[in-house]
There are 2 protein chains.
Amino acid sequence: MKKPHPHIDRIFKAIADPTRRSIFHALVIAGSAMPINEVAERFEMSRQGVTKHIKILEAAKLIQIHQRGRERFCMASAQPLKSISQWLQFYEQFWDQSLDRLGQHLDGVD
Amino acid sequence: MKKPHPHIDRIFKAIADPTRRSIFHALVIAGSAMPINEVAERFEMSRQGVTKHIKILEAAKLIQIHQRGRERFCMASAQPLKSISQWLQFYEQFWDQSLDRLGQHLDGVD
DNA sequence: TTTATATGCAACTTATTGGTTGCAAATATA
DNA sequence: TATATTTGCAACCAATAAGTTGCATATAAA
């Protein structure tokens with residue numbers, strides 16, 4: 001019964017952490033590649049802490065990394081978020097569903 | 001700089017776990033309130049394990065619980081997912097952005 | 001060559017997570 | 001009343017997460 005979807009699991013996990021969402025956002029609005037150190041400078045956290053988050057974002061393909069010289073440039077890629085959007089899409093039809101059915105149930109009308 | 005958004009954090013956290021997504025989905029398609037035990041029966045996990053997940057979903061307001069007699073009925077509410085959708089919306093404009101800029105950067109064109 | 005910079009790796013700590021079991025309490029049923 | 005059912009609470013455990021520090025290495029600059 002347990003059917004794992006490792007890729008989407010990684011995306012959900014990556015965006016679950018507010019710091020990672022913040023890193024991702026910073027890279028998206030930067031719009032260009034940024035060395036890891038430059039990313040790290042923007043957060044009140046050790047470079048290694050940021051690096052760990054970056055790795056998780058990279059595993060989810062929300063960040064791509066290209067090395068040049070001694071620097072590793074991070075660039076956001078929003079594309080994997082499409083999977084989340086697809087997942088959400090199914091539930092849109094229930095967004096504004098009233099909870100009447102529950103009320104009915106509790107009133108014994110169901 | 002750290003500005004916490006506890007509610008949306010709880011929603012992201014709730015949907016980060018595949019088991020919780022599965023529980024939520026089961027309740028959504030059930031379409032009606034379901035006692036905790038009945039939810040738990042559907043998963044190969046102890047009742048308490050399921051209960052813990054339900055609590056986290058409840059904290060995110062993705063499940064509402066109403067008690068009648070000794071039973072507690074769970075009902076899914078997709079509404080909080082709107083927040084996730086809103087969060088995603090900002091990034092839609094970047095979904096299909098090519099990574100040319102990165103390439104340019106690496107080629108020294110930038 | 002010497003020095004400074006950017007980075008990765010490993011070890012470690014602490015907190016959280018995901019799961020279990022056992023027991024008690026409340027409600028329903030015989 | 002006695003018994004069965006539904007549930008919550010607490011304790012516990014193993015694994016993971018989130019963060020730190022120290023050190024090694026590769027590249028760039030003086």
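Residue numbering restarts at 1 for every chain, and letters A, B, ... go by the order of the sequence lines.
Between the CZ atom of B/Arg21 and the C1' atom of C/dG18 there is a distance of 15 Å, rounded to whole Å. Atom CD1 of B/Ile23 is separated from atom C1' of C/dG18 by 11 Å (rounded to the nearest Å). With rounding to whole Å, B/Asp9 atom CG is found 12 Å from D/dA18 atom P. Distance, B/Phe73 CZ to D/dT6 C1': 11 Å, rounded to whole Å. When rounded to the nearest whole Å, the span between CD1 of A/Ile54 and P of D/dA18 equals 14 Å. C/dT16 atom C1' lies 8 Å from atom NZ of B/Lys13, rounded to whole Å.
The side chain of A/Ile56 approaches D/dA18 more closely than any other nucleotide in the set C/dG18, D/dA18, D/dT7. Closest to the side chain of B/Met45, from the set D/dG8, C/dT20, D/dA18, is C/dT20. The listed nucleotides are C/dG19, C/dC9, C/dG8; the one nearest the side chain of A/Ile36 is C/dG8. With C/dT17, D/dT20, C/dT20 as the choices, the nucleotide that has an atom nearest any side-chain atom of B/Lys52 turns out to be C/dT20. Comparing D/dA18, C/dT7, D/dC9 against the side chain of A/Asn37 picks out C/dT7 as the nearest.
Relative ring orientation between A/Tyr91 and B/His25 is described as perpendicular, the plane-to-plane angle rising above 60° on a 0-90° scale split at 30° and 60°.
Not a single donor-acceptor pair, N or O on each side, falls under 3.5 Å between the base of C/dG18 and the side chain of B/Gln48.
Applying the salt bridge (Lys or Arg N to Asp or Glu O under 4.0 Å) test to every pair with at least one member in residues 48-60 of chain A, sequence neighbours left out, gives no pairs at all. Identified under the salt bridge (Lys or Arg N to Asp or Glu O under 4.0 Å) test for residues 75-91 of chain A, with sequence neighbours left out: A/Lys82-B/Asp96.
Listed by chain and number, the residues in a salt bridge (charged side-chain N to carboxylate O under 4.0 Å, His left out) with A/Arg21 are B/Asp9 (sequence neighbours excluded). Partners of B/Lys61 according to the side chain to side chain donor-acceptor pair (under 3.5 Å) rule, which considers only residues two or more places apart in sequence or in another chain, do not exist here.
For B/Arg72 and D/dG8, the shortest distance from a side-chain N or O to OP1 or OP2 is below 4.0 Å. For B/Ser46 and C/dT20, the shortest distance from a side-chain N or O to OP1 or OP2 is below 4.0 Å. For the pair A/Lys55 and D/dA17, the criterion of a side-chain N or O lying under 4.0 Å from OP1 or OP2 is not met.
A/Ser77 has its side chain out of reach of A/Ile63: every pair of non-hydrogen atoms, C-beta onward, lies at least 4.5 Å apart. With a 4.5 Å cut-off on side-chain heavy atoms, A/Phe73 and A/Ile65 do not count as touching. Using a 4.5 Å cut-off on side-chain heavy atoms (C-beta onward), A/Trp87 and A/Ile11 make no contact. Looking at heavy atoms from C-beta onward, B/Ile15 lies in side-chain contact with B/Leu81 at the 4.5 angstrom threshold.
If you find the closest nucleotide of DNA chain D to B/Glu41 and to A/Arg20, the one lying nearer the 5' end belongs to B/Glu41.
For the pair B/Arg20 (side chain) and B/Lys13 (backbone), a donor-acceptor distance under 3.5 Å is present.
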_Nucleotide-resolved protein contact map, nucleotides 24-30 of chain D, B/S/- at heavy-atom distance under 4.0 Å_ = ---BS--
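For the helix from C/dT1-D/dA30 to C/dA30-D/dT1, the end axes, each set by the C1' atoms of five terminal pairs, are bent relative to each other by 20° (nearest 10°).
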